[in-house]
Protein chains: 2
Amino acid sequence: MERRAETRRALLDAAAELFATRGIDGASVDAIAEAAGRTSGAVYDHFGGKEGLLFCLLEGWVDDVTEAVAAQVAAAEGLDEQMAALWRNVTRPVTGDGRWIALEHELWRYASRRDEARERLALRYQRAWAGMDSEWASPDGTVGPALMGLLLGLDMMRRIDPSAISDCMAVEALRGVVLGLRRETTAAGETKQERR
Amino acid sequence: MERRAETRRALLDAAAELFATRGIDGASVDAIAEAAGRTSGAVYDHFGGKEGLLFCLLEGWVDDVTEAVAAQVAAAEGLDEQMAALWRNVTRPVTGDGRWIALEHELWRYASRRDEARERLALRYQRAWAGMDSEWASPDGTVGPALMGLLLGLDMMRRIDPSAISDCMAVEALRGVVLGLRRETTAAGETKQERR
DNA sequence: GTCTATATACCGATAGAC
DNA sequence: GTCTATCGGTATATAGAC
């Protein structure tokens with residue numbers, strides 16, 4: 001592999017790591033370059049700056065994770081196992097590293113305040129949602145956003161208080177969303193046992 | 001009201017506003033002081049620094065919102081209306097301002113990386129969860145974290161792509177979580193009986 | 001392509017006038 | 001109590017040597 005491609009990859013890896021652990025604001029260009037065994041000049045040469053590095057990360061690195069997760073879900077059988085596979089990739093990622101959810105949060109936060117980044121992230125989200133919607137038969141595209149939101153939200157609660165989110169309850173909650181939305185879309189009018 | 005209390009309140013208001021809109025890192029002490037009609041010295045005199053301001057905000061201002069939301073939910077009748085009330089406070093907050101969810105995300109992000117802030121936030125979360133758990137009869141405390149997570153997660157998706165989250169589907173997803181978790185606690189029988 | 005050196009700007013925090 | 005002035009540190013980004 002050429003030196004240039006090697007540097008590019010090292011910079012992207014280092015950026016993903018530092019953005020996830022220290023946050024996008026907390027990771028300086030110098031720190032990223034140093035972690036990649038280069039100096040800041042390399043970042044500006046390859047990506048034009050910090051934001052260029054971020055955009056590149058947004059469209060490349062994270063898509064790979066989405067794909068890997070989708071593959072694991074497709075391999076599982078039954079709704080419960082699929083939900084468990086989904087949640088497992090949040091708590092103990094088999095593929096890649098444990099940093100992808102943290103990076104996901106960082107990218108969201110950054111994009112939620114900048115129009116250009118927001119539009120790019122929206123496209124990526126839509127791809128991920130579409131995969132979920134087709135997997136769980138949600139013709140009007142409601143399951144995808146809800147599931148992805150719940151995954152991120154449960155992870156937020158877990159990061160603050162790990163004891164509050166057991167694997168079992170996470171799976172139950174995820175299943176509840178899928179079943180709840182599916183019942184709505186199929187208009188089956190199943191009995192919803194209201195208590196209280 | 002004395003000048004001192006007035007200044008304190010103005011600084012807290014300005015901090016909540018700027019932390020929510022620009023992010024905690026993006027809001028400088030000078031900017032906060034200026035927005036409050038004071039100078040940075042006032043911040044250090046009242047709160048000892050930026051972090052003191054943040055902690056004060058974490059334990060005071062946001063608790064009021066939690067309380068207000070709980071009151072609105074308690075006033076609603078039926079699960080659907082309760083979920084709608086919950087979601088309405090995310091999309092179109094009646095009490096306070098539209099910034100509280102953004103501030104919630106900022107506080108979470110800050111706390112997720114700092115132990116002391118994380119423990120303080122955990123206590124606040126636990127108070128909010130306990131209210132939800134007693135409201136929806138979740139003896140083992142699973143509904144609270146799941147609902148709060150889903151609310152925050154749905155808001156994340158909505159901020160990136162508003163068209164993906166309709167009010168109707170949000171309510172359906174929230175209801176799905178409550179029903180899903182409630183069924184688990186009663187069916188498994190591994191926990192206490194559901195109280196009504 | 002990658003480095004060193006540097007320009008420019010802003011940050012959090014402090015000291016002391018008033 | 002609140003102000004001005006300022007220190008020390010660090011950020012992004014650039015210019016030019018190699």
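All chains are named by letter (A, B, ...) in the order of the sequence lines, taking the proteins before the strands, and each is independently numbered beginning at 1.
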Side chains of B:Glu135 and B:Gln82: donor-acceptor distance under 3.5 Å anywhere?
yes
Notebook entry, point to check: Does the side chain of A:Arg38 get closer than 4.0 angstrom to OP1 or OP2 of C:dC3 through an N or O atom?
Noted result: no
Walking DNA chain D from its 5' end, the first of B:Arg4 and A:Gly49 to be reached, judged by nearest nucleotide, is B:Arg4
note: A:Glu34, atom CD; C:dT2, atom P; distance rounded to Å ~ 16 Å
Per atom distances to the A:Lys50 side chain, the nearest of C:dC3, C:dG12, D:dA13 is D:dA13
Rounded to whole Å, CG of B:Leu18 lies from C1' of C:dC11 at a distance of 15 Å
A:Phe47 atom CZ is separated from D:dA13 atom P, nearest whole Å, by 14 Å
Looking only at C:dG12, C:dT4, D:dT4, the nucleotide nearest the B:Thr39 side chain is D:dT4
Notebook entry, point to check: So does A:Ser28 get a side-chain nitrogen or oxygen closer than 4.0 Å to the phosphate oxygens (OP1/OP2) of D:dT10?
Noted result: no
In whole angstroms, the gap separating P of D:dA11 from CG of A:Asp25 amounts to 12 Å
A:Glu2 atom CD is separated from C:dT2 atom C1', nearest whole Å, by 16 Å
| Are B:Trp136 and B:Thr142 close enough that some pair of their side-chain heavy atoms sits under 4.5 Å apart? | no
(request) Examine the side chains of B:Ser112 and A:Arg159 and answer whether a donor and an acceptor come within less than 3.5 Å of each other. (result) no
Ranking A:Asp45 and A:Ser40 by the position along DNA chain C of their nearest nucleotide, the one closer to 5' is A:Asp45
In whole angstroms, the gap separating C1' of C:dC10 from CD1 of B:Ile32 amounts to 15 Å
Side-chain atoms of A:Ala42 come closest, of C:dG12, C:dC3, D:dT2, to C:dC3
Between A:Trp108 and B:His105, how do the two ring planes meet: parallel, tilted or perpendicular, split at 30° and 60°? tilted
Side-chain atoms of A:His46 come closest, of C:dC11, C:dC3, C:dT2, to C:dT2
Atom OH of B:Tyr44 and atom P of D:dC7 are separated, to the nearest Å, by 16 Å
- Message: Can you confirm whether A:Glu67 is buried at CD, in the sense that more than 12 heavy atoms of other residues, nucleotides or ligands lie under 6.0 Å from that atom?
- Response: no
Rounded to whole Å, the CG-C1' distance (A:Asp30 to D:dT10) equals 9 Å
